[in-house]
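Scroll down for the structure; my scribbles are underneath it.
Chain identifiers are assigned alphabetically (A, B, ...) following the order of the sequence lines, protein sequences preceding nucleic acid strands; residue numbering begins at 1 within each chain. What's counted below: heavy atoms across the whole structure, side chains too, no hydrogens, waters or symmetry copies.
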Amino acid sequence: MSTFAAPKGIPEYYPPESARFLAVRETLGEAARRAGYGYIELPLFEDTALFARGVGESTDVVTKEMYTFPDQGGRSITLRPEGTAGVIRSVIEHGLDRGQLPLKLYYSGAFFRYERPQAGRYRQLQQVGVEAIGVDDPALDAEVIAIADEGYRRLGLTGHRIELTSLGDDSCRPEYRAKLQEFLRGLPLDEETRRRVELNPLRVLDDKRPEVREMVADAPLMADHLSQQAAEHYERVKTHLRDLGVPFTENPRLVRGLDYYTKTTFEFVHDGLGAQSGIGGGGRYDGLMADLGGAELSGVGFGLGLDRTMLACEVEGVHPGDQSRCDIYCVPLGEQAKRRLVSLAGQLRHAGIRVEVAYGGKGLKGAMKAADRSGARYALVLGERDLAEDSVQLKDLAGGQQESVPLSAVVEKARTVLSG
RNA sequence: GUGGGUGUAGCUCAGGCGGUAGAGCACUGGGUUGUGGUCCCAGGAGUCGCGGGUUCGAAUCCCGUCACUCACCCCA
């Protein structure tokens, strides 16, 4: 056992898996860029109050899952548990919403939640997220959802599905909430759940326990209590999704754990990951900008969990980003040859070719074995005999045939042979 | 915070009715003094998570502890 271990609940990606991680991040980011979203790089920690107000005082995230500590100056700092609050803070602080709207941004990076780790749930998690701010158009909700779907498809995933609902808005949610609470208070629930009835009654609908599910089976649903305006918004989101060819299922019991969501909310679900089946989620948050001291601007966005997406790729057997790491593997025999090959490797790399060299005085057999494992298509073998005639052996590792190439012509030859 | 499971070689795991440690993969070398992938041979590598107890003797039995892991809860 080693002396040090990584902090609890933090996934680490090393080769070859890390190449997949990069591909997942890049593919999802590319889907956002393709729709006009620009990258925003933000702090990993913020003023604690930003999350308390932005995410919601009553949420589990704020009440028990934040990494909060005082810095040397006595300020209360919190490692970001989610992305939207920070984006909105930056937008307000720098007046990014003064230009043309919607403002479209995407981010990528680590988030932190102090939770008990389990499969797919980590204390440090990686997300790619987008935010579209300033335009309350159902077509924009649909675009955001379609971006995620496009990203997953590009990765090669087919087993994900989209769950959709509307949480209503200020004009109908308070009334519905009261009605739901009234219903729930009449049920014989345990103490913990009763507390939740008062804090966030919506979440009780999402309880996984069979006995609770049964009790709330005929609870009133938000979907049946939407205001005219919210219902119309929701209908149009669905229409646009159909037009986009993005399949979805409606789940009127879908609940998000963060307080800021209004109207459209959605979750990307993948079965087969264990208990943590949500690989991404998001929705509209029309009141958040104003709550954080900005203009009265609407917003819609999502966060996609990269770690869980990695798990989804694993169970589906798709391996984005997998490729050989090397085109040509150089095998020197002796010091003279090594000197020549090291320099040649530099020239080849300069020409954009991926090249490795057998270092450490490996024997020929060992070096050839390393060439094989590197995935290179060709090996360059250089020994005394070749040096004497200013040439090098170029071996096709798949077919096994080998030819002698003048050293001065190797770069050009390599280019030709690799492009073929 | 509450439960269950598991800790033996770098990785995946056998062994477990007590007698000082094994396999496969990986790695290194050799069979082939200038040629890899298959095959054969050899080698390095482990305080059996840690501490205590029982015993002539503990990886094995008992107690404690730590870690990892899955699930509840919650969420990406």
Go through the N and O atoms of the side chain of Asp372(A) and the base of G36(B), and report whether any donor-acceptor pair is under 3.5 Å.
yes
Integer-rounded Å distance: A71(B) C1' and Arg121(A) CZ:
9 Å
For G1(B), the Watson-Crick or wobble partner whose two distances fall under 3.5 Å
C72(B)
How about CZ on Arg53(A), more than 12 heavy atoms from neighbouring residues, nucleotides or ligands closer than 6.0 Å, or not?
no
By the Watson-Crick or G-U definition, both distances under 3.5 Å, A42(B) is matched with U28(B)
Have a look at Ala398(A) and say if it touches a base, only the backbone sugar-phosphate, or nothing, with a 4.0 Å heavy-atom cut-off.
base
Tabulate atom names and distances for all N/O pairs under 3.5 angstrom spanning the protein and nucleotides 32-35 of chain B.
| from | atom 1 | to | atom 2 | distance (Å) |
| --- | --- | --- | --- | --- |
| G34(B) | N7 | Arg385(A) | NH1 | 3.4 |
| G34(B) | O6 | Glu384(A) | N | 3.3 |
| G34(B) | O6 | Arg385(A) | N | 2.5 |
| G34(B) | N1 | Asp386(A) | OD2 | 2.7 |
| G34(B) | N2 | Asp386(A) | OD2 | 3.0 |
| U35(B) | O2' | Lys395(A) | NZ | 3.2 |
| U35(B) | O2 | Lys395(A) | NZ | 3.2 |
| U35(B) | N3 | Gln402(A) | OE1 | 2.8 |
| U35(B) | N3 | Gln402(A) | NE2 | 3.4 |
| U35(B) | O4 | Gln402(A) | NE2 | 2.5 |

Return the value, rounded to whole Å, for the distance between atom CD of Gln276(A) and atom C1' of C72(B).
10 Å
Would you indicate what Gly120(A) reaches in the nucleic acid, counting non-hydrogen atoms under 4.0 angstrom: base, sugar-phosphate, or nothing?
base
Give me the distance, rounded to whole Å, that separates G15(B) from G57(B) when you measure between the P atoms they each carry.
27 Å
Using atom OH of Tyr122(A) as one end and atom P of C70(B) as the other, report the distance to the nearest whole Å.
7 Å
Sugar-phosphate, base or nothing in reach of Asp190(A), heavy atoms under 4.0 Å:
nothing
How is Phe268(A) classified with respect to the nucleic acid when contacts are heavy atoms under 4.0 Å: base, sugar-phosphate, or nothing?
nothing
If you take atom types as modelled and just measure distance, does the side chain of Gln124(A) reach the base of A76(B) with a donor-acceptor pair under 3.5 Å?
no
Sticking with atom P, work out how far A67(B) lies from G51(B), rounded to a whole angstrom.
16 Å
Please step through side-chain hydrogen bond (donor to acceptor under 3.5 Å, both in side chains) for the pair Arg284(A) and Tyr261(A), ending with a clear verdict.
CA-CA 6 Å; Arg284(A) 184 160 274 286; Tyr261(A) 288 116; over 6 Å; no
Would you kindly say whether Thr265(A) and Thr165(A) are connected by a side-chain donor-acceptor distance under 3.5 Å?
no
Spacing between Glu65(A) atom CD and C73(B) atom C1', to the nearest angstrom
9 Å
Strictly below 4.0 Å: does Arg256(A) bring a side-chain N or O up to OP1 or OP2 of A76(B)?
yes
With a 3.5 Å limit on both atom pairs, tell me what G22(B) is paired to, counting Watson-Crick and G-U wobble, or say none.
C13(B)
Gap in Å between the two C1' atoms, one belonging to G44(B) and one to U33(B), rounded:
25 Å
Please find out if less than 6.0 Å separates the ring center of Phe268(A) from that of His160(A).
no
Please measure how far the P atom in G30(B) lies from the corresponding atom in G37(B), and state the result in whole Å.
13 Å
May I ask you to verify whether the side chain of Gln118(A) and the base of C75(B) hold a donor-acceptor pair under 3.5 Å?
no
Pairwise P distance for A45(B) and A23(B), with rounding to whole Å
14 Å
Assess whether a salt bridge exists between Arg25(A) and Glu30(A), defined as any Lys/Arg side-chain N lying under 4.0 Å from an Asp/Glu carboxylate O.
no
Once you apply a heavy-atom cut-off of 4.0 Å, does Gln127(A) come out as touching a base, just sugar-phosphate, or nothing?
sugar-phosphate
So, for Tyr39(A) and Tyr106(A), is the gap between ring centers shorter than 6.0 Å?
yes
Starting at atom CZ of Phe21(A), determine the distance to atom C1' of A76(B), rounded to an integer number of angstrom.
12 Å
Side-chain donor or acceptor of Arg203(A) under 3.5 Å from a matching atom on the base of C74(B)?
no
Between A76(B) atom C1' and Asp206(A) atom CG, what is the distance in whole Å?
15 Å
For Gly363(A) and Gln401(A), take the nucleotide of RNA chain B holding the closest heavy atom to each; which residue's nucleotide lies nearer the 5' end?
Gly363(A)
Answer yes or no: side-chain N or O of Arg113(A) and base N or O of A76(B) forming a donor-acceptor pair under 3.5 Å.
yes
Categorize Ala371(A) for me: base, sugar-phosphate, or nothing, with a 4.0 angstrom heavy-atom threshold over every strand shown.
nothing
Partner nucleotide, any strand, of U60(B) [Watson-Crick/G-U, under 3.5 Å]
none
Send over the distance from Tyr14(A) OH to G10(B) C1', rounded to a whole Å.
10 Å
Can you tell me whether the side chain of Arg196(A) and the base of C73(B) have a donor-acceptor pair closer than 3.5 Å?
no
Can you tell me which nucleotide in A76(B), C73(B), G1(B) comes closest to the side chain of Lys64(A)?
C73(B)
For Arg373(A) and Glu356(A): C-alpha separation, side-chain torsions, deciding distance, then whether salt bridge (Lys or Arg N to Asp or Glu O under 4.0 Å) applies.
CA-CA 11 Å; Arg373(A) 298 289 159 95; Glu356(A) 288 193 64; over 6 Å; no
Which base sits across from C48(B) as a Watson-Crick or G-U pair, both distances under 3.5 Å?
none
Using Watson-Crick geometry (N1-N3 plus N6-O4 or O6-N4) or G-U wobble (N1-O2, O6-N3), each under 3.5 Å, U6(B) is paired with A67(B)
Tell me, with the steps shown, if Ser298(A) and Asp136(A) meet side-chain hydrogen bond (donor to acceptor under 3.5 Å, both in side chains).
CA-CA 6 Å; Ser298(A) 65; Asp136(A) 183 6; 4.9 Å; no
Searching all strands shown, indicate the nucleotide that pairs with G36(B) (Watson-Crick or G-U wobble; both distances under 3.5 Å).
none
Nucleotide A26(B), atom P - distance to NZ of Lys369(A) in whole Å:
7 Å
Categorize Leu397(A) for me: base, sugar-phosphate, or nothing, with a 4.0 angstrom heavy-atom threshold over every strand shown.
base
Step-by-step side-chain hydrogen bond (donor to acceptor under 3.5 Å, both in side chains) determination, Gln276(A) to Tyr122(A):
CA-CA 11 Å; Gln276(A) 307 302 325; Tyr122(A) 307 107; over 6 Å; no
For the pair Asp307(A) and Tyr13(A), evaluate side-chain hydrogen bond (donor to acceptor under 3.5 Å, both in side chains) and give the outcome as yes or no after the intermediate values.
CA-CA 10 Å; Asp307(A) 310 284; Tyr13(A) 303 107; 2.6 Å; yes
Looking for any heavy atom pair under 4.0 Å, which part of the strands does Arg373(A) touch: base, sugar-phosphate only, or nothing?
sugar-phosphate
Rounded P spacing from C17(B) to G53(B) in Å
22 Å
